[in-house]
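See below for the structure under consideration.
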Amino acid sequence: MKPSVSSPKTDEKDKRSLATGFNCRQKPLCDTNAACTADPKDQKRYTCVCNNGFEGNGSVCQDIDECLFEELSLCPSNADCENTIGNYSCSCLPGFEGDGRSCTDVDECHRSNHNCSVHALCNNTIGSYNCTCLQGFQGDGWSCHDIDECKNGTHKCHKNATCKNTIGTHECTCISGFYGDGQVCRDVDECLDGSHHCSSEATCSNTVGSYSCSCNDGFHGNGRLCSDNDECSDGSHLCNARASCVNNPGSYSCSCRKGYNGNGRYCNDIDECRDGTDRCSVNARCTNTDGSYTCSCSSGFQGDGMSCDDLDECQHGVHDCDRKAKCTNTRGSYRCSCSKGYHGNGKQCKASSARRQVPGNGVVLFVVLLIGFILSLCM
């Protein structure tokens with residue numbers, strides 16, 4: 001009895017074709033690559049489902065080629081995918097190793113299973129390697145032969161050196177009369193090796209096969225004998241007229257004299273009064289002069305200007321108080337005050353009106369004035 005395919009109305013959950021029959025034990029209509037499943041509610045009904053790796057309606061199942069679809073194959077990019085009936089297999093590409101599902105690069109250079117020349121450098125790459133001839137050799141890396149640098153002119157020998165080819169390189173040797181490593185050759189320098197006879201105050205200049213000597217600035221002579229020039233004595237110095245010149249071996253120095261500042265070639269007067277470096281007394285007046293300064297005591301003081309003491313005008317009689325006034329000394333000055341019975345500013349004193357009206361003869365008045373004068377002197 002030929003099983004029939006169930007309709008979607010009988011089983012909406014099954015999207016595949018259904019074959020009907022008595023049961024799965026009878027001769028089924030399922031493909032040999034499909035599984036037959038009986039309906040537990042109705043043993044006369046069964047379902048055919050293609051096995052993994054196949055596709056179809058269950059009655060007819062065809063192999064799926066997983067290698068054609070990246071989403072179905074688990075082979076990595078460095079492996080080959082080979083389809084089989086109902087499945088597939090993965091195998092690592094040349095230059096890689098692993099189980100096919102996981103492949104890692106083989107380092108041929110590290111394992112020494114490469115074919116590079118012994119005169120080449122092996123460089124590992126992903127899945128392979130390449131070969132590069134070493135310096136001094138040429139070829140494709142698989143085969144490398146020596147380069148004759150001396151013959152083809154690619155050597156680095158100096159023009160005053162000979163070139164000798166060796167395997168993979170070359171040797172340079174300076175010719176007679178020169179020294180160095182062959183790549184750099186120099187003339188024998190008497191100035192450099194100290195075999196010259198120049199004065200210690202001279203400059204040695206090397207020439208090919210010889211040398212010359214010339215006295216340094218500040219010295220004179222033939223180069224082998226050099227004497228110092230005394231610029232201070234011969235007047236060739238550039239010191240300022242306000243500076244002192246000191247001769248030194250091969251040179252000289254200039255220093256501004258006291259009272260001036262500058263570099264010796266240019267000297268300017270120092271205004272000690274303005275910058276406060278003078279030594280004048282606080283009671284003196286400072287006057288700047290060229291290269292120095294002077295101090296003079298202020299009015300009311302006496303001394304040398306650096307030390308000024310108060311002048312007692314009253315004691316020395318240099319005041320201008322009135323004869324009828326009292327002189328009182330103050331620091332740097334004095335004060336005048338009219339005597340009793342007189343009035344005024346001290347420098348001009350007049351008798352008060354009461355004194356002018358006192359009765360008596362002239363003798364009494366003279367005695368009174370005399371006593372007043374004597375008392376003023378004692379005060």
Side-chain angles (χ1 to χ4, degrees), residues 95 105-231 234 236-238 247-253 265:
D105 175 59
V106 176
D107 190 340
E108 297 85 355
C109 301
H110 182 70
R111 296 185 181 183
S112 298
N113 59 352
H114 58 82
N115 293 319
C116 295
S117 167
V118 294
H119 300 302
L121 178 67
C122 178
N123 303 299
N124 185 62
T125 60
I126 301 301
S128 185
Y129 63 95
N130 57 52
C131 307
T132 305
C133 291
L134 298 174
Q135 186 175 358
F137 295 88
Q138 61 184 0
D140 58 5
W142 311 98
S143 174
C144 300
H145 58 273
D146 175 59
I147 299 173
D148 190 340
E149 298 87 354
C150 301
K151 186 176 180 180
N152 64 15
T154 59
H155 63 82
K156 296 182 180 180
C157 296
H158 192 268
K159 64 179 181 179
N160 293 316
T162 58
C163 178
K164 179 182 178 181
N165 186 62
T166 59
I167 300 300
T169 184
H170 59 281
E171 296 176 353
C172 304
T173 306
C174 294
I175 61 178
S176 179
F178 294 85
Y179 75 96
D181 59 3
Q183 294 188 9
V184 177
C185 295
R186 297 185 178 90
D187 173 59
V188 176
D189 193 337
E190 297 85 356
C191 301
L192 186 63
D193 63 19
S195 61
H196 64 83
H197 297 287
C198 296
S199 168
S200 59
E201 308 298 345
T203 299
C204 177
S205 300
N206 184 61
T207 60
V208 178
S210 186
Y211 63 95
S212 62
C213 307
S214 56
C215 293
N216 296 330
D217 291 341
F219 295 89
H220 63 276
N222 61 8
R224 299 198 173 193
L225 294 174
C226 297
S227 302
D228 175 54
N229 294 334
D230 190 342
E231 297 85 355
D234 62 23
S236 61
H237 65 83
L238 298 176
N247 186 61
N248 301 315
S251 184
Y252 63 94
S253 60
R265 296 195 175 190

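The analysis underlying the following values was restricted to heavy atoms, covering all of them including side chains, and did not include hydrogens, waters or symmetry mates.
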Legend entry - side-chain contact (heavy atoms from CB on, under 4.5 Å) between Tyr129 and Val106, intermediate numbers included: CA-CA 9 Å; Tyr129 63 95; Val106 176; over 6 Å; no
Inset, instruction - Search all heavy atoms of Cys226 against all heavy atoms of Ala202 and return the closest pair with its distance. - result: SG-CB, 3.9 Å
Legend entry - Whether over 12 other heavy atoms sit under 6.0 Å from Gln135 CD: no
Inset, instruction - Would you please name every residue forming a side chain to side chain contact (heavy atoms under 4.5 Å, CB included) with Cys204, sequence neighbours left out? - result: Cys191, His196, Cys198, Tyr211
Legend entry - By side chain to side chain contact (heavy atoms under 4.5 Å, CB included) - contacts of Ser195 (at least two apart): Glu190, Asp193
Inset, instruction - Not counting sequence neighbours, which residues clear side chain to side chain donor-acceptor pair (under 3.5 Å) with Asn216? List them please. - result: Thr203
Inset, instruction - Kindly write out the residues that satisfy side chain to side chain donor-acceptor pair (under 3.5 Å) with Asn160, not counting sequence neighbours, or none if the list is empty. - result: none
Inset, instruction - Would you name the heavy atoms of Ala161 and Cys185 that are closest together and state the gap between them? - result: CB-SG, 3.8 Å
Inset, instruction - Could you check Tyr252 against Leu238 for side-chain contact (heavy atoms from CB on, under 4.5 Å), going step by step and ending with a plain yes or no? - result: CA-CA 9 Å; Tyr252 63 94; Leu238 298 176; 3.7 Å; yes
Legend entry - OG on Ser214 to CD on Glu201, rounded to 0.5 Å: 12.5 Å
Inset, instruction - Hey, could you give me each pair passing salt bridge (charged side-chain N to carboxylate O under 4.0 Å, His left out) that has a residue in residues 105-116? Not counting sequence neighbours. - result: Glu97-Arg111
Legend entry - Set of residues satisfying side chain to side chain contact (heavy atoms under 4.5 Å, CB included) with respect to Thr169, sequence neighbours excluded: Thr166
Inset, instruction - To the nearest 0.5 Å, tell me how far Cys213 SG sits from His197 NE2. - result: 9.0 Å
Inset, instruction - Can you sort out the partners of Asp217 under side chain to side chain contact (heavy atoms under 4.5 Å, CB included), two or more places apart, ordered by chain and number? - result: none
Inset, instruction - Any chance you could lay out the side-chain contact (heavy atoms from CB on, under 4.5 Å) test for Cys131 and Trp142, step after step, and finish with the verdict? - result: CA-CA 6 Å; Cys131 307; Trp142 311 98; 3.9 Å; yes
Legend entry - Inter-residue atom distance Gln138.CD - Asn152.CG, 0.5 Å rounding: 8.0 Å
Inset, instruction - May I have all residue pairs that pass ring-ring contact (aromatic ring centres under 6.0 Å, His included) and include part of residues 144-167, sequence neighbours excluded? - result: none
Legend entry - For Asp189, side chain to side chain donor-acceptor pair (under 3.5 Å) partners two or more places apart: none
Inset, instruction - Would you please name every residue forming a side chain to side chain donor-acceptor pair (under 3.5 Å) with Asn130, sequence neighbours left out? - result: Asn123
Legend entry - Atom pair CG (Asp181) and CD (Glu171), whose distance is rounded to the nearest 0.5 Å: 12.5 Å
Legend entry - Residue pair Asp234 / Ser236: nearest heavy atoms and the distance that separates them: OD1-OG, 2.6 Å
Inset, instruction - Could you tell me the separation between the OG atom of Ser227 and the CG atom of Asn222, rounded to the nearest 0.5 Å? - result: 9.5 Å
Legend entry - Non-neighbouring partners of Phe137 that pass ring pair (Phe, Tyr, Trp, His ring centres under 6.0 Å), sequence neighbours left out: His119
Inset, instruction - Only one of Ser112, Cys116, Ser117 passes side-chain contact (heavy atoms from CB on, under 4.5 Å) with Cys122; say which it is. - result: Cys116
Inset, instruction - Please report the shortest heavy-atom distance between Gly136 and Asp146, naming the atom on each side. - result: O-OD1, 3.4 Å
Legend entry - Closest heavy-atom pair and its distance - Cys150, Asn165: SG-N, 3.4 Å
Inset, instruction - Grab the two heavy atoms, one from Gly250 and one from Asp228, that are nearest each other, plus how far apart they are. - result: N-OD1, 2.7 Å
Inset, instruction - Please assess Leu134 against Cys144 for the test side-chain contact (heavy atoms from CB on, under 4.5 Å), listing each intermediate value before the final yes or no. - result: CA-CA 8 Å; Leu134 298 174; Cys144 300; over 6 Å; no
Legend entry - Distance in Å, Ser253 OG paired with Arg265 CZ, rounded so as to fall on 0.5 Å steps: 10.5 Å
Legend entry - ring pair (Phe, Tyr, Trp, His ring centres under 6.0 Å) partners of Phe219, counting only residues at least two apart: none
